[in-house]
Amino acid sequence: MPRGQKSKLRAREKRRRQAPEKPQDLVSAQATTAVGEVFPSLCCPHFNSSPTAGSYRAPQERQRATATTTTPVALSYTKSNEAANNRGEERPRSSQVQPTALPFQRDLLDEKVVLLVHYLLRKYQKKELITKAGMLRNVIQMYRNQFHETLKRASDHLELVFGLDLKEADPNRHIYVLVNKLEPSYDAVLSDHGGVPKTGLLMTILGVIFTNRNRAMEEQVWQTLNVMGLYEGRQHFIFGEPRKLITKDFVKDKYLEYRQVSNSDPPRYEFLWGPRAHAETSKMRVLEFLAKVHDTVPSAFPAWYEEALRDEEERARARAAARAHTAAMASARARALTSAHSKATTSARSRAKTSVCTKAMPAAPPTPNKV
């Protein structure tokens, strides 16, 4: 690369690092990270959003499918890769042997990660047992020494794109489970709409709302979705038609509120958290989701962290009040039942005593007949 062009790239990168990031920039960066690593690999026709998603073709078929399929997400990923490669050229190489070996190894690892994501999604949708032995036998195969790295990357992708946490349920037998970031009731919602879990997209939108003072203008949401390769009126290979999903499905399920801004002319619309979002997740969990993709901790965003902490305290007080109310109601009901039982017992004893006394009384002598 010409020296002048390298200098421009360095200056541009320096300005980018020094510029303060806006809330929507952070969430857009989150979306870009997920898209850049995951979506291009899933843009092939062998992956679909049907209930049987997760099945995959033979490597030869995948290569043919990939060669004939290009999406906006894949194009953006290619550009980001080119930029990363340009930045990489500026660093001195420590060895002349590694650059020729590493790309081949990374390609194999990337392919295994994608296959493992598909495999785990299929197991999740079919509610089948996930075991280490099954992953090694069906996906990892001869690359057993890369199992932990492959599983870690696949787990990250499942969390960021689909909102699924991979947890080891039985360390002794190496049994794993996929848990939705929202409450289990969200899986019932998925069965109505079909397809793969959409929790990752929902968490992203909730993050946009949270980082914009708990209400986000529609154009702010679309700005982030566009970065992810989601466009109004354009069918997405995972999420379907985005406008219907975010303004109809998520709203109908009460995860989002979509309403017109008061006194706006021409009309403008905004998104807020819906009642189920407040019930099934929290600001702290959304902030943790946001922090994870930045490879940091929630406290790295002080203002939002303080707000999330206040929200956690309010939720704790509300839970304590609810428990106290439930305990008081249960105690009152127990006292009422005890009192009713005591009265019933006293009444029964009184009736029994009266009956005994009646039986114990001597019979009255017969009245003599008058002559």
Side-chain angles (χ1 to χ4, degrees), residues 33-34 37-38 41-42 47 49-56 109-204 206-207 238 253 255 276-277 279-293 295 297-298 312 315-316 319:
T33 301
E37 292 192 0
V38 188
S41 303
L42 301 179
F47 182 87
S49 59
S50 67
T52 58
S55 59
Y56 46 88
L109 181 60
D110 290 342
E111 181 178 358
K112 291 298 180 183
V113 169
V114 173
L115 291 178
L116 187 55
V117 169
H118 294 173
Y119 175 82
L120 293 173
L121 275 177
R122 182 174 60 180
K123 290 289 185 180
Y124 174 78
Q125 291 169 327
K126 293 185 176 182
K127 294 180 171 54
E128 295 177 351
L129 198 65
I130 300 173
T131 64
K132 178 179 179 179
M135 289 185 279
L136 289 172
R137 181 175 61 254
N138 295 298
V139 180
I140 306 300
Q141 297 173 347
M142 67 182 68
Y143 303 99
R144 292 171 178 260
N145 59 329
Q146 296 179 336
F147 171 74
H148 292 291
E149 183 179 357
T150 306
L151 185 63
K152 173 64 170 61
R153 288 180 55 185
S155 175
D156 290 342
H157 295 348
L158 286 166
E159 180 180 3
L160 299 181
V161 178
F162 303 106
L164 298 174
D165 289 326
L166 182 68
K167 299 182 181 296
E168 191 171 14
D170 188 341
N172 295 324
R173 294 189 296 165
H174 300 292
I175 295 176
Y176 297 82
V177 293
L178 282 169
V179 181
N180 202 298
K181 279 189 170 295
L182 297 178
E183 296 298 327
S185 60
Y186 186 78
D187 287 333
V189 174
L190 285 176
S191 63
D192 294 335
H193 305 317
V196 296
K198 301 175 179 65
T199 316
L201 176 62
L202 178 59
M203 293 290 282
T204 299
L206 294 177
I238 291 178
D253 298 330
Y255 285 107
R276 285 187 68 180
E280 297 181 10
T281 190
S282 66
K283 293 178 179 179
M284 185 61 76
R285 290 173 67 183
V286 170
L287 188 58
E288 288 170 352
F289 181 81
L290 177 63
K292 182 178 178 64
V293 296
D295 195 23
V297 293
E312 290 295 303
R315 286 171 177 270
R319 287 193 296 268

Do Ser155 side-chain atoms and Leu151 backbone N/O form a donor-acceptor pair below 3.5 Å? no

What are the two closest non-hydrogen atoms of Val177 and Ala169, and how far apart are they? CG1-CB, 4.0 Å

Could I get the full list of side-chain contact (heavy atoms from CB on, under 4.5 Å) partners for Lys292, not counting sequence neighbours? Asp156, Glu159

Heavy-atom closest contact (Pro298 atom, Ala291 atom, distance): N-CB, 3.7 Å

Of all the heavy-atom pairs spanning Pro197 and Tyr124, show the shortest one and how long it is. CG-CE2, 3.4 Å

Pair Met284, Glu288 - check side-chain contact (heavy atoms from CB on, under 4.5 Å), show working. CA-CA 6 Å; Met284 185 61 76; Glu288 288 170 352; 3.7 Å; yes

Measure the spacing between CG of Leu121 and CD1 of Ile238 and express it to the nearest 0.5 Å. 8.5 Å

Restricting to pairs with a member in residues 165-176, which pass salt bridge (Lys or Arg N to Asp or Glu O under 4.0 Å), not counting sequence neighbours? Asp165-Lys181, Asp170-Arg173

Starting at CG of Asn180, measure out to CZ of Phe162 and round the result to the nearest 0.5 Å. 12.0 Å

Leu120 side, atom CG; His157 side, atom NE2 - distance, nearest 0.5 Å: 12.0 Å

So for atom CG, which belongs to Asp295, do other residues, nucleotides or ligands contribute more than 12 heavy atoms lying within a distance under 6.0 Å? no

Rounded to the nearest 0.5 Å, how far apart are CG of Asn138 and NZ of Lys123? 6.5 Å

Distance col, row Thr281:OG1 vs Leu182:CG, nearest 0.5 angstrom, shows 5.5 Å

Which residues share a side-chain contact (heavy atoms from CB on, under 4.5 Å) with Arg144, sequence neighbours left out: Leu136

Taking salt bridge (Lys or Arg N to Asp or Glu O under 4.0 Å) as the definition, give me every residue that meets it alongside Lys112, ordered by chain and number, with sequence neighbours left out. none

Nearest 0.5 angstrom please: Arg276 CZ to Asp253 CG, how far? 6.0 Å

Matching residue for Glu111 among Val114, Val113, Leu109, Leu115 - test: side chain to side chain contact (heavy atoms under 4.5 Å, CB included): Leu115

Apply the side chain to side chain contact (heavy atoms under 4.5 Å, CB included) test between Thr150 and each candidate in Val139, Val117, Leu116; give the one that qualifies. Leu116

Taking only residues two or more places apart in sequence or in another chain, which ones pass salt bridge (Lys or Arg N to Asp or Glu O under 4.0 Å) with Lys132? none

Could you list the residues that satisfy side-chain hydrogen bond (donor to acceptor under 3.5 Å, both in side chains) with Glu312, not counting sequence neighbours? Ser282

Which heavy atom of Thr204 sits nearest to which heavy atom of Phe289, and what is that distance? OG1-CE2, 4.0 Å

